[in-house]
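First the proteins, then the strands, lettered A, B, ... as listed; each starts at 1. In this text, all values refer to a predicted model and were calculated from it rather than measured experimentally. Below, all heavy atoms of this structure are taken into account, side chains as well, without hydrogens, waters or symmetry copies.
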2 protein chains.
Amino acid sequence: MGRVQTFETDVVVRAARAVFWQRGFEEASIPELEQATGLRRSSLYNTFGSKRGLFDAAVASYLREVIAPRLRPLTEAPVGADAVVDYLMGMRAGLDDPEADAARHGCLLMNTAGAPVAMEQAVGEAVAAYREELRRALASGIAARHPEAGERERGRLAEAVTALVTSAFALTRVDNAAALRSLDAALDLVD
Amino acid sequence: MGRVQTFETDVVVRAARAVFWQRGFEEASIPELEQATGLRRSSLYNTFGSKRGLFDAAVASYLREVIAPRLRPLTEAPVGADAVVDYLMGMRAGLDDPEADAARHGCLLMNTAGAPVAMEQAVGEAVAAYREELRRALASGIAARHPEAGERERGRLAEAVTALVTSAFALTRVDNAAALRSLDAALDLVD
DNA sequence: TATATACTGGAATGACCGTTACGCAAATAT
DNA sequence: ATATTTGCGTAACGGTCATTCCAGTATATA
């Protein structure tokens, strides 16, 4: 064995994730990532192989540390009747807080949906998979809230609420008020 | 007077618009724009001042020639009871046609919402204004279809349908099927 | 026909990009 | 204590970017 890594990979990825989140993949430059992570190019390339490699790690970290915890009450049984509403209100609070990353920069994945890097198949698939995960989670929350409704009805509702949430994410950067109204509309729909 | 312009500005802007649409602002390079327009850098800079100037012209052209015509049945009185449904179905057909720009590249403005250039205030405002115009148009279409509903109810519905449409635009690049389902959900909502 | 106008072509500029190469320093295993 | 593995710092690479400059040319007016 030789010299051991002196930084914690998770910490570095988290720092890089913040840069990608607020700047987007193509606008985030290597010097910026160096400064944010406190690592030099050589270490970044040695650890992640390329800028894309670092971005992929950032996306994985985002799914694991940002998205999954928020979705957990909707994905792990038992799902309470208030889980959907809690989720939507939590997100509303996040988008209403000017300090929060979500309010200022939306969703890392939704932002990349319209970015050039989304043309690369793997990235596009990651975005699509994320949306599907969100839809499934919302669907189970809706099922818990409206057990009496028909499956078709619930499916439509889940689709609509998913779209409202993604729309809020996509818009908060340029029109925070509209994003909040989207979530209000979602809250209306589920009741 | 001296020598006169040998190209039609509208035609050039339309060609540039197509490049921005499919490639995004930052990924569209000057050489690409030269090739698409058939003009040299000097002429482009002489006419539009900068890449941003050309982009602004492209956005204006997009609003005038692509968006406005589609919205017209919803914005100019009299608005028929079927106008909303026609609009949504027309859009659905567009997103379902693999040849169409809309299906392959979504909406020029929605794509820029998540792009770095959206950080520039004027661009962000243009996107927000577009969304608001869409919402107003859909609201008037919904009012024509459901004159019996309360204003509050119609407002919520308009908000939801707007979000579903923008969500469809934002996603079609990476997940065309999900975009279509969004529009189906919108069609469900208006009836 | 003369002249003013401004479009056009081509080359050059400086900055920044992501990536790579290399040598030294550090820390573990034998 | 030595050998070996690996992190890390520095510097350089080739390429592309948006932008500018200038000379040459075509055309509309007087």
Look for any protein N or O under 3.5 Å of an N or O in nucleotides 9-12 of chain D and output each such pair with its distance, or none.
from, atom 1, to, atom 2, distance (Å)
D:dG9, N7, A:S42, OG, 2.5
D:dT10, OP2, A:R40, NH2, 3.3

Consider side-chain contact (heavy atoms from CB on, under 4.5 Å). Of B:T172, B:N176, B:L171, which one does B:V174 pass it with? B:L171
For B:R131, check salt bridge (Lys or Arg N to Asp or Glu O under 4.0 Å) against everything at least two apart and list the hits. B:E159
Just the rounded figure in Å: distance from P of C:dT19 to OH of A:Y45. 3 Å
Measure the spacing between CG of B:L63 and CG of B:L71 and express it to the nearest 0.5 Å. 10.0 Å
May I ask you to list the residues of residues 47-61 of chain B, by number, that have any heavy atom positioned under 4.0 Å from an atom of DNA chain C? none
Under the 3.5 angstrom rule, does the side chain of B:Q5 hit a backbone N or O of B:F7 as a donor-acceptor pair? yes
Using only atom types and a distance under 3.5 Å, with no angle test, would you say the side chain of B:T112 pairs donor to acceptor with the backbone of B:A115? no
Expected output: side-chain B:K51 to main-chain B:A28 donor-acceptor under 3.5 Å: yes
So which of residues 5-29 of chain B are in contact with DNA chain C, with a heavy-atom cut-off of under 4.0 Å? B:Q5, B:T6, B:F7
Has the side chain of B:D82 got a donor or acceptor atom that lies under 3.5 Å from a matching backbone atom of B:V85? no
Criterion side chain to side chain contact (heavy atoms under 4.5 Å, CB included) on B:Y45 and B:L54, from CA distance to verdict: CA-CA 9 Å; B:Y45 276 87; B:L54 179 54; over 6 Å; no
Pair B:D191 + B:R145, salt bridge at N-O below 4.0 Å: yes
Test B:R104 against B:W21 for side chain to side chain contact (heavy atoms under 4.5 Å, CB included), laying out the working first. CA-CA 10 Å; B:R104 294 199 298 179; B:W21 198 345; over 6 Å; no
Can you tell me how far apart CZ (A:F20) and CD (A:E27) are? Round to the nearest 0.5 Å. 12.0 Å
With sequence neighbours left out, what residues match B:D56 under side-chain contact (heavy atoms from CB on, under 4.5 Å)? B:R52
Stems in DNA chain C, runs of 3 or more consecutive Watson-Crick or G-U wobble pairs with both distances under 3.5 Å, sorted by first number, are C:1-30 with D:1-30
